[in-house]
Structure formats: structure tokens, C-alpha cells
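First the structure, in the form of C-alpha cells, and then the observations on it.
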There are 2 protein chains.
Amino acid sequence: MENQEKISQIGLDLFAERGYDAVGVQEIAENAGITKPTMYYYFGSKEGLLESILEKHFSVLFDDLETSAVYHRDVKSTLEAISRTYFSFAEQHLAFYRFQLACWFAPPQSTAFKAILPYLQKQQTLAESIFQQAAQDHGNMIGRHQRYAVSFLGIINTYIGMKIRSQIELDETIVSTAVHQFMHGIFS
Amino acid sequence: MENQEKISQIGLDLFAERGYDAVGVQEIAENAGITKPTMYYYFGSKEGLLESILEKHFSVLFDDLETSAVYHRDVKSTLEAISRTYFSFAEQHLAFYRFQLACWFAPPQSTAFKAILPYLQKQQTLAESIFQQAAQDHGNMIGRHQRYAVSFLGIINTYIGMKIRSQIELDETIVSTAVHQFMHGIFS
DNA sequence: TATGGAGTATACCGAACGGTATACAAAATG
DNA sequence: CATTTTGTATACCGTTCGGTATACTCCATA
């Protein structure tokens, strides 16, 4: 593996395990088998490494969502497709997803939160547009797209959180369960 | 305000704004109008301050939950009472709740996560026991108490998250909405 | 009034922090 | 073959990190 890729991967692993602020550049370099100037050559700064990691992985997620997060007049199957995309992405990039969740809930003035903010907003906007389209077919959904989007992403992340804690496996059953719970609650 | 209380409060504010790792002891001392040894006199270490802050606030939350999180054979009203307790606590200690959420999702080997872990487990256990009791009245809930507990706390935190981002107000309407959504989904 | 604990500040510790000036080797380019 | 570009390491920068040795003031108590 080239050094640039190696640094990025080791950086992500360490950030995901102990947090952006708690991991030093020196430590990343040592674990990647290089020295600090090499890291600065490729990423410019510690923050640059962070941004590079976020961009690299989120571009994959958004590419996936671009084909799956399309409303085709069936709320259930649309939400299931989105869930599947999130679950499969999280499973394939588990360390990244864990780190991304940590950034999401990081304090508002922290470096990690500021770096992830645009990607949060993009996810939120994407989910909102789905519910806005669905509201054209389901009158009782009108005017609630923001709350639906937040709740839906919340449930998805709740289930991915259970996977992270090894409490469940993210199989096709959970896709149905999660969407069913979102649409019809825990009863039935 | 006494110095000990002042340090605790300033520490929480700074942690909640920028994160535990990003805030230095020196900075806390300056903002609290004292010097570092005073902080070390009362709390022993930076980590000691963190633990003190967590213990102080969580003991209030758990005291509140002890009287409200009691299953009385009506799932809806029980969950509403728990939600009300969480919402009201979050509203009264907004900076703490924000920080606590950040610790919750912090990387598993981070100081913040390790410090909050016992409090997470206690919340989880408490919620599980409610759903376990409810399952005695509702057969279709049997064996799902863990997932219900995680989901329920997830929805509660989703709504508190919206409050933190100033997207909603946590009034009595939201209590009903959140519980209704948990039990019956977004439809109806 | 003497004694001791509680609380606070000055001034310092070694280590780690993010970042860089410089030199140099290899590889691509004219 | 000469020259530039790309990539890497050594050795260093000033700053800040968490933490502390020491001394001092104040106040309660004997």
C-alpha cells in the first residue's frame, strides 16, 4: 500500500478508536511506518488528514445513495432501499461509520464537528427531499419532512449503533424491522 | 459561587462546547478565575473533574427517573412519563445533555466514553426492565426488551437532539408525538 | 495565643503537541 | 546526461499539555 493510503487508513483507525483530539500526528506516523513530514507532504495538516478521510468515505456513501435514495412512489420500499444502503455502507466501513457518528455528536465548536457538518447537512437534505416527495402522495405527511428525516436517520443510526456494539447483525431482516418500526411503531 | 462549583460549571461549559480533549486545564482555570492547583486540590486530575461532572448531573437524572420510570401496566403513559423526565432534564441541563451525548458516541477507547459507560449501562438497564415488565402484559413484546430499550432511548435522544439544534421545543406535544411514534410509527 | 488544616498562588517539571527548515535520494523529464 | 519534481527522513521550532513542589494566607480550634 502506498504511504498516502496507509496514513489515511491508520489515521482513521486511530481516530475511530480514541478520537481525533486524543491522537497525535507522531503516533499516526509511527503506526503507519513513516515520519511526520511525509504526512504533512500529503495532507498539509492534521485537519487536512481528517477532511481527506471524511471526503473519501462520504463520497462513496453519497454515490451509493444517489442510485438507491430515489423515491418511486412506494414509501416502504424507498426507505428500505435507503436503509439497505446505509447498513451495507456501515458494515463495509465500520471503523469509519463509528468515527463519523462520534463526529456527528461531537461538541459544536470541535474540529471534528465542524469538519463533518457539510456532510451531515447533505444527508439531512437528501432525506428531507425523499419525505417531501412522499408527502405529495400522502397528505398526512405534509409539513413534517424535517422531523421525518431526522427521525429516520436517527433510527438507522440506532440500528447501526447496535451493530457497532455487536448486539445485532445488519441483515435483510433488520432492514424490514427498522423501516417497519419507523412507519408503524413497535406494535404489530 | 464557591471555587469548586465554579470550576465544575466552567469545565462543563467548555467541555460541552469544544470537547474534553480539546480543553486544557489552564483554560478552565483562567475562565473560572482561579489557578490550576486549585482545580487539582478539589478534583485531583482533569479526569477527576470529568467524573465529578458526570456523577453530579447523572445522579439528578437517575433520581428523577426513580420516581417516573415505573411501569404501571400502561405502556403509553409509562413511556410518556419517562420521556417527560428526559426532556425536562435535558432542558434544564442543556449543556450537560449535549456533552453527555458527545461522550455517548465518543470512540470506545476515549477517556470520555470510558467515563460515561457505567451511566449508559444504567440507563439501558433501567429502560430494559420497563420493557421486560411490559412484556408480561403484551406477549408480542417478549424477548425484544433490549432492542426496544435501545430504540426508545434513541428516539428520545433524537428529539432532544432536535431541541439542541433549536429545531423544536420540548413541550408536552412532543412527549406525545415521540411516544406515539415509537409505539405506532409516523403514520396516523 | 499557639497549632494545624484548608485553600490558594507562584513558579516550575518533563513530555507531548502540531508543524517545519533542510537535506537528500530516486525518478521522471528536458 | 543534466535538471527538475516527487517523496522521504533528520533534527529541530515554539507552545501547550497535565501535573506538582513549595510557600503563603486565613481561619478554626485547643
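Convention: sequence-line order gives letters A, B, ...; per-chain numbering from 1. These values consider heavy atoms only, across backbone and side chains, with no hydrogens, waters or symmetry-generated copies. Just so we're clear, the structure is a prediction, and the values are computed from it rather than from any experiment.
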Margin query: What I want to check is whether the side chains of A:Glu128 and A:Tyr148 have a donor and an acceptor closer together than 3.5 Å.
Written below: no
Notebook entry, point to check: To the nearest angstrom, how far is A:Asn3 atom CG from C:dA27 atom P?
Noted result: 14 Å
Item checked: Nearest-nucleotide comparison on DNA chain C, the residue closer to the 5′ end among A:Pro37 and B:Pro37 -> B:Pro37
Next item on the list: Return the value, rounded to whole Å, for the distance between atom CD of A:Glu2 and atom C1' of C:dA27.
Entry: 15 Å
Next item on the list: Classify the side-chain pair B:Tyr159/B:Gln167 by whether it contains a donor and acceptor separated by less than 3.5 Å.
Entry: no
Check: Side chains of A:Tyr119 and A:Gln124: donor-acceptor distance under 3.5 Å anywhere?
Finding: no
Margin query: Output the rounded distance in Å from CG (B:Asp21) to C1' (C:dG18).
Written below: 15 Å
Next item on the list: Could you tell me if the ring centre of B:Phe62 sits under 6.0 Å from that of B:Phe58?
Entry: yes
Checklist line | C:dG18 OP1/OP2 closer than 4.0 Å to side-chain N/O of A:Ser45 | finding: no
Next item on the list: For A:Lys36 and for B:Ile34, find the nucleotide of DNA chain C with the closest heavy atom, then tell me which residue's nucleotide is more 5'.
Entry: B:Ile34
Item checked: Atom-pair distance (OH on A:Tyr40; P on C:dC17), nearest Å -> 11 Å
Item checked: Nucleotide C:dG18, atom P - distance to OH of A:Tyr41 in whole Å -> 22 Å
Next item on the list: Could you verify whether a donor N or O on one side chain and an acceptor N or O on the other, from B:Gln9 and B:Asp13, lie under 3.5 Å apart?
Entry: yes
Check: At under 4.0 Å, does any side-chain N or O of B:Tyr42 touch on OP1 or OP2 of C:dT8?
Finding: yes
Margin query: Here's one to test your reading of the geometry: is the NZ or CZ of B:Lys56 within 45 degrees of the ring axis of B:Phe96 and under 6.0 Å from its centre?
Written below: no
Margin query: Could you tell me the boundaries of the chain B footprint on DNA chain D, defined by atoms under 4.0 Å from its heavy atoms?
Written below: D:dC17 to D:dA21
